Every structure is written in C-alpha cells, then in structure tokens.
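Keep in mind that this is a model prediction, so the values were computed, not measured.
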Amino acid sequence: MNMKKLITYLLVLCMLLCALSGCESKPEEPAEEATTIKIGALTGPTAMGLVKLMDDSDNGNSVNKYEFKLQSEATAFVPALTKGEIDIAAVPANLASVIYNNTDGGIKLLAINTLGVLYIVERGDSVKTLADLSGKTVYATGEGAAPEYGLRYLLKENGLEGDKAPNIQWCSDTTEALSYIAADENAIAMLPQPFVTAAQAKVNDLRVAISLNDEWTKLDNGSAMVTGVLVVRSEFADKYPRQLEKFMQEYESSVKFVQGNTEAAAKLVGNYEIVKAPIAQKALPYCNITFITGQQMKTDMEGYLGVLKDLNPKAIGGKLPDAEFYYGA
C-alpha cells in the first residue's frame, strides 16, 4: 500500500469511527465583546479583599479590564446598580436582599466576602462572655440596621432578655461611641473592625472582650454572621458570563493574597485609602475576609437572612430572596 492510499484509508477509518460514536462538530460559541467591568465597594472590610485585584488592574496584570469606585455609604450603590453605572458591588448582606426584592431580581449574589466584624470591647476586665453583659450599659452603633439585629439575636439566644438584658445606648456613629469610651474607664461598647483597632490606638487600655462572629458560630444553627457580599447585575451576568467567570477567579486570588500576606495587603489597603496601612495591618486578621460561593454561600446567606426576617422583615426587603438570587448555587 503506497502512502497516498494509506492516508486515504486512515481518513475513511476516522470518519467511520466518528459516525459510529455519534460525535459531531460543535459550532464555536460567539466571542464575548470585551468590556470594562465597573466595581463598587465600601471603604472598609468589604473592599479589603479586592486590593490585590485593584493593584493588578492598575499595573496591567489582570485578565479583565476593571474600574473601581469606593464609597463610604452603601446606599450609593443602589441607584448605581439599577442604572447600570456599576456592574458589581460589595454591599452589606441585607442590602443585597433588599435590592433583589425591590428590582424584581435585578441582581444576583456572587459570593460572601466578609463574615462578622462586630466586637464587644471594654476598658476593664469584667466581660468574658455575653452573660457578663447582663445589667450593664453597652454603647453601640447601627441602630435599626444589621448590627442591632445581630446583637439582639445573640442576646436572645443567650437568654439575655427582659431583666437580664443589657442597656444598649445607641450612638449616631463610631466617633460618638469612642467619646463615651474615652470618658469612662468602665465603658463597654460594640464596635466594628477596623474601627476597633483605630480606637485602641487612641484608648490604650481598650481590649477586645468578645467576637460576635465567634458567638454566632457557637450557636451552630446552620447559618453564618454574614456581613458583606458581592453582587452582580443580572443583565451583566447574562451578557458577559465568561468575563464574569474570569473576574471570580481573579477575585478569589485577591482574597487569598490578602488572607495570606497581611503586611503587603495592608500596604495596598493604605495605598487605596480604604484604611491607613498601620491600622489595616493590625485589623486585617480580625476582619474575617472570606470567599464563599455556591451551595455554602446559599446556606449561610439563607440562614442569616432568616434571622433578620424574624426580627424585622423590612431589613431584607420584606421576604427571603428566591433561588434565582444565588448565582452558581
């Protein structure tokens, strides 16, 4: 058999084998039009996990093209998302539910990026457990929002209601709370990171007594104390699935970098004016920055939103989001 006949024979054989196995050529998927992904985040823990990606983007080392916008108030992202001015946002967990319910599914949940960042702090040494708060005054911020609901839930679960409940004095902001702490050596407060670390720099004897995230975990109730999440516009997710997948990969790498490289991550946090680098370096290990997706994300988020719904349905937009809310779960 000469070479020409051999090649012809092999081609025919390949065609027969392909026909027998039912294989067929698949049309190539149309390429996505490249786009610049616009991302919004709060100047706090929810933005800290993004800093390596922000740095990579600025230095041309990211796969996708990104634009980042930092805000001090989460409510700024509501109109920006609905108008399509940003595509992805890091927002408080309950706000994500509110936006979803108020926009008929206009966003989807991509990931949980921050767990509990609330801590009970004191200048003395009288608080070791939540039970020690009974009858005491606790200065706190976040009245009528997730911090209040989280605290009240934990107090209730630990039997601190009625006569056993602490007296919670709500402050307009963390600066007001700090003024009470500085003036009273017996003061007890509930504060978020990284403000706890910033406060310790101003009040030398201020110590962390209790992590509310740890207290939530002890309940073993099938949920987590979810503080921050990442959401995407549903329209964007449908139009740019491959670029969104690349973003998720790059974002996960950024979070892992922040988790494993505190000093370098703190410098980036400072560079992007999220929090000053010295504060960030001390606070990062206590900011509970994470990357939770898929079914675990759904389980943790549903449990957390269920707690808020029982306390105040308006806190989550009136109802629990349906299954379409959870991207990839």
- Item | Gln249, CD: over 12 other non-hydrogen atoms inside 6.0 angstrom | yes
- Are Asp214 and Lys218 ion-paired here, with the side-chain N under 4.0 Å from a carboxylate O? no
- Message: Using a strict threshold of under 4.0 Å (side-chain N to carboxylate O), is an ion pair present between Arg233 and Asp87?
- Response: yes
- Item | ILVMFWY clustering at 4.5 Å (side-chain atoms), partners of Val208 | Tyr119, Val121, Leu178, Ile181, Leu191, Phe195, Val196, Val203, Leu206, Tyr286
- Flag side-chain contact, heavy atom, 4.5 Å: Leu155 against Pro166: yes
- Item | Over 12 foreign heavy atoms within 6.0 Å of CG, Asn59 | yes
- Message: So Met248 and Phe291, do their side chains get closer than 4.5 Å, heavy atoms only?
- Response: yes
- Tyr139 side, atom OH; Asn167 side, atom CG - distance, nearest 0.5 Å: 8.5 Å
- Task: Would you mind listing every side-chain hydrogen bond (donor to acceptor under 3.5 Å, both in side chains) that reaches into residues 259-285, with sequence neighbours excluded?
- Result: Asp58-Tyr272
- Stepwise side chain to side chain donor-acceptor pair (under 3.5 Å) test for Asn94 and Tyr304: CA-CA 9 Å; Asn94 66 307; Tyr304 177 71; 5.5 Å; no
- Message: Taking NZ in Lys83 as the centre, count heavy atoms belonging to other residues, nucleotides or ligands within less than 6.0 Å. Is the count above 12?
- Response: no
- Message: Rounded at 0.5 Å granularity, tell me how far CE in Met225 sits from CD in Glu215.
- Response: 10.0 Å
- Message: Within the 4.5 Å heavy-atom criterion, are Leu110 and Phe247 side-chain neighbours or not?
- Response: yes
- Salt-bridge criterion met for Glu148 and Arg152 (N-O under 4.0 Å): yes
- Query: Judged by atom type as modelled, is there a donor-acceptor pair below 3.5 Å linking the side chain of Ser134 to the main-chain atoms of Lys164?
  - Reply: yes
